[in-house]
K.L.:
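Below: one structure in structure tokens.
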Amino acid sequence: MTAAPKGFSVVVCVHTEERWQDILDAVGSLGAQTLPPLEILLVVDHHPVLLERLERHFAGGPREVRVLPNAGPRGLSAGRNTGVGAARGDLVAFLDDDAVADPDWLRQLAAGYADPRVLAVGGRTLPRWASGRRPVWFPEEFDWVVGCTYRGHPPGRVRVRNVLGGNASFRRSAFGLAGGFALGIGRDGGRRPLGGEETEFCVRLARARPGAVLLVDDRAVIHHRVVPVRERFAYFRSRTWAEGLSKALVARSVGAGDGLASERRHATRALPAAVARGLADALRGRRGGAARAGAVLVGTASAAGGYLAGSWRARRADAPTFTVPRIPGISPAADTAGHTPRAGS
């Protein structure tokens, strides 16, 4: 019989003082959980001023809050790996630094781990628009652009290929099976809004442990703040292009079959329906219908163009490189279900 996990370590990666109040709000929402976390790890991405400020702020605060510098190169993947390496819990959850969690967030995530085959559980992320409402042109099928659960994502508690990184949890032992998040994929503090590191990790994890189950439970809810610049069409275009570039890296790592399976289903089912729905709204005189249909077409073409550009770059001699690190303190040994990881995973 598998022992119950001993608790959650929640990792919040932070990188800018501009999100100071967001960071405090995120930590506050974690302190209000009906299933309290074992600890909250604030991992600061190469920002000494922010590191010192957070250390001062929490010096006399809750004992479960720990402030750590990113021990790897700049970027979200290395920050997450730092948090995993420092975590004391059997379960590691990730919360974006500009999001707040519902009080039952951790309790709902924890319920999925009753099955020892489950190695990851994600949740539902809802947008908090800076303007107070969704831009009339912004299609729900592209809510992933602003880090949120999109229309067409499976509802309920269901098995998925990958969880979404801003609202996700893993057994800590999963990182002994598959290594850490790949360095060279995802956001690194640069101008281009890249992503895809959690997709690549989840595909790699499923390969390292055949039969592993990854779940999404839409009762595990967080609310993600969407700043004004991300409500603009210019950001929409740049983010969809960057997603294509990211998916080219993911496909290079794990193959186009696994790396793009969910995206193909979304593009061939949800997106044509979204265009039809937008045009139907336009014919009925409903505001924004034509704009939403156009945004779907532009976003799809932009992501496809980014993928083609990324694939072309991958064949060049100066192609971007990435590595999969082992995380110090986590042995590549048997996981909680008693399995042994495959060599070379």
Side-chain angles (χ1 to χ4, degrees), residues 10-33 37 40-45 47 50 53-54 57-58 65 67 75-76 79-80 83 93-106 108-109 122-151 153 163-169 186-198 216 218-240 242-243 246 295 299:
V10 183
V11 177
V12 182
C13 294
V14 302
H15 69 284
T16 175
E17 286 190 279
E18 293 177 5
R19 293 185 180 178
W20 177 259
Q21 189 57 51
D22 291 330
I23 296 168
L24 299 186
D25 290 344
V27 173
S29 74
L30 294 173
Q33 292 293 300
I40 301 166
L41 305 177
L42 298 177
V43 182
V44 183
D45 192 16
H47 194 311
L50 178 58
R53 187 179 179 186
L54 286 169
H57 182 85
F58 288 106
V65 178
V67 181
L76 184 57
R80 287 174 171 167
F94 298 97
L95 179 68
D96 277 347
D97 63 347
D98 53 356
V100 293
D102 276 2
D104 279 340
W105 178 58
L106 288 179
Q108 298 294 350
L109 292 178
R124 185 182 183 194
T125 302
L126 301 177
R128 293 189 297 149
W129 302 98
S131 60
R133 64 177 61 185
R134 173 185 296 275
V136 68
W137 60 268
F138 202 113
E140 293 180 45
E141 290 78 7
F142 278 80
D143 276 6
W144 55 264
V145 165
V146 291
C148 295
T149 304
Y150 53 87
R151 185 172 186 167
H153 197 269
V163 295
L164 303 180
N167 180 0
S169 67
R187 302 203 179 201
D188 61 1
R191 296 178 61 186
R192 193 174 294 279
L194 298 171
E197 67 281 352
E198 68 275 0
V216 163
D218 62 11
R219 296 170 298 179
V221 177
I222 69 168
H223 304 265
H224 188 265
R225 188 166 77 92
V226 183
V227 296
V229 68
R230 296 187 180 185
E231 295 187 6
R232 299 172 187 166
F233 193 67
Y235 179 81
F236 180 88
R237 291 198 312 269
S238 68
R239 178 69 185 89
T240 51
E243 184 69 6
S246 302

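All heavy atoms count here, side chains included; hydrogens, waters and symmetry mates do not.
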K.L.:
Under 3.5 Å, side chain of D218 to main-chain N/O of R124, donor-acceptor pair present?
P.N.:
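No; zero donor-acceptor contacts below 3.5 Å.
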
K.L.:
Within this structure, what is the CG-CZ distance for the pair D22 and R128, rounded to the nearest 0.5 Å?
P.N.:
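If I round to the nearest 0.5 Å, the distance is 7.0 Å.
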
K.L.:
My understanding is that only residues two or more places apart in sequence, or in another chain, count here; which of them pass ring-ring contact (aromatic ring centres under 6.0 Å, His included) with F236?
P.N.:
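For F236 the ring-ring contact (aromatic ring centres under 6.0 Å, His included) partners, ignoring immediate neighbours, are W137, F138, F142, F233.
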
K.L.:
Checking side-chain contact (heavy atoms from CB on, under 4.5 Å) for the pair D97/H15: CA distance, chi angles, key distance, verdict?
P.N.:
CA-CA 9 Å; D97 63 347; H15 69 284; 3.9 Å; yes

K.L.:
With a 4.5 Å heavy-atom cut-off, do R225 and V227 have their side chains touching?
P.N.:
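Counting from C-beta outward, R225 and V227 do come under 4.5 Å.
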
K.L.:
Which pair of non-hydrogen atoms, one from L126 and one from C148, has the smallest distance, and what is that distance?
P.N.:
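Of all heavy-atom pairs spanning L126 and C148, the closest is C-SG, 3.7 Å.
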
K.L.:
To the nearest 0.5 Å, tell me how far R133 CZ sits from E231 CD.
P.N.:
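Between R133 CZ and E231 CD, I get 11.0 Å after rounding to 0.5 Å.
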
K.L.:
List the residues meeting side chain to side chain contact (heavy atoms under 4.5 Å, CB included) with Q21, not counting sequence neighbours, and say none if there are none.
P.N.:
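For Q21 the side chain to side chain contact (heavy atoms under 4.5 Å, CB included) partners, ignoring immediate neighbours, are L24, D25.
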
K.L.:
Do W105 and I222 come within less than 4.5 Å of each other through their side chains, counting heavy atoms only?
P.N.:
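The answer is yes, as the side chains (C-beta and beyond) meet within the 4.5 Å cut-off.
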
K.L.:
Compare all side-chain heavy atoms of L30 with those of V12 and state whether any distance is below 4.5 angstrom.
P.N.:
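A side-chain contact exists here, since the closest heavy-atom pair is under 4.5 Å.
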
K.L.:
Would you call V27 and V65 a side-chain contact if the rule is heavy atoms closer than 4.5 Å?
P.N.:
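Side chain of V27 against side chain of V65, heavy atoms only: contact under 4.5 Å found.
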
K.L.:
Between N167 and G122 (side chain of the first, backbone of the second, donor and acceptor by atom type, cut-off under 3.5 Å), is there such a pair?
P.N.:
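Answer holds: no.
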
K.L.:
For H153, enumerate each residue passing the ring-ring contact (aromatic ring centres under 6.0 Å, His included) test, keeping only those at least two apart in sequence or located in another chain.
P.N.:
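Expected list: Y150.
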
K.L.:
Do the non-hydrogen side-chain atoms of D102 and H223 ever get within less than 4.5 Å of each other?
P.N.:
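Side-chain contact under 4.5 Å: yes.
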
K.L.:
Counting C-beta onward and ignoring hydrogens, is there a side-chain heavy-atom pair between R151 and D143 closer than 4.5 Å?
P.N.:
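In short, these two side chains do not touch, never coming nearer than 4.5 Å.
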
K.L.:
Looking only at heavy atoms, what is the nearest atom pair of A93 and L106, with distance?
P.N.:
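Where A93 meets L106 most closely, the heavy atoms are CB-CD2, 4.1 Å.
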
K.L.:
If you compare all heavy atoms of V44 against all heavy atoms of H47, which two are closest, and at what distance to 0.1 Å?
P.N.:
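Smallest heavy-atom distance, with atoms named: CG1-O, 3.6 Å.
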
K.L.:
Quick one: does any side-chain atom of T149 pair with a main-chain N or O of T125 as donor and acceptor, under 3.5 Å?
P.N.:
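Confirmed, T149 side chain pairs with T125 backbone.
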
K.L.:
Indicate yes or no for a side-chain donor-acceptor contact from S29 to the backbone of A101 under 3.5 Å, with no hydrogens or angles considered.
P.N.:
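At least one qualifying donor-acceptor pair exists.
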
K.L.:
Distance from H224 atom NE2 to L95 atom CG, nearest 0.5 Å?
P.N.:
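Separation between the atoms: 9.0 Å.
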
K.L.:
Using the test ring-ring contact (aromatic ring centres under 6.0 Å, His included), find all partners of F94 that sit at least two apart in sequence or belong to another chain.
P.N.:
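With neighbours one apart ignored, the set is F181.
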
K.L.:
For the pair L54 and I23, evaluate side-chain contact (heavy atoms from CB on, under 4.5 Å) and give the outcome as yes or no after the intermediate values.
P.N.:
CA-CA 10 Å; L54 286 169; I23 296 168; 4.2 Å; yes

K.L.:
Under a 4.0 Å threshold between the charged nitrogen and the carboxylate oxygen, would D98 count as salt-bridged to R19?
P.N.:
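Looking at R19 and D98, the cut-off is met.
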
K.L.:
Contact between R134 and E140 at the side-chain level, heavy atoms closer than 4.5 Å - yes or no?
P.N.:
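Answer yes - side chains close enough.
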
K.L.:
If we only count heavy atoms from C-beta on, is the L41 to V11 side-chain gap below 4.5 Å?
P.N.:
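Side-chain contact under 4.5 Å: yes.
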
K.L.:
Short question: side chain of R53, backbone of E17 - any donor-acceptor pair under 3.5 Å?
P.N.:
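No; zero donor-acceptor contacts below 3.5 Å.
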
K.L.:
For V216 and G123, which heavy atoms make the closest approach, and how far apart are they?
P.N.:
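Here V216 and G123 meet closest at CG1-O, 4.1 Å.
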
K.L.:
For A168, enumerate each residue passing the side chain to side chain contact (heavy atoms under 4.5 Å, CB included) test, keeping only those at least two apart in sequence or located in another chain.
P.N.:
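A168: side chain to side chain contact (heavy atoms under 4.5 Å, CB included) contacts with V163, F170.
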
K.L.:
State which residues pass side chain to side chain contact (heavy atoms under 4.5 Å, CB included) with A32; sequence neighbours excluded, sorted by chain then number.
P.N.:
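Partners of A32 under the side chain to side chain contact (heavy atoms under 4.5 Å, CB included) test: none.
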
K.L.:
Where the side chain of E197 meets the backbone of L76, is there a donor-acceptor pair that is under 3.5 Å apart?
P.N.:
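No, the answer is negative, given that no donor and acceptor are paired below the 3.5 Å cut-off.
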
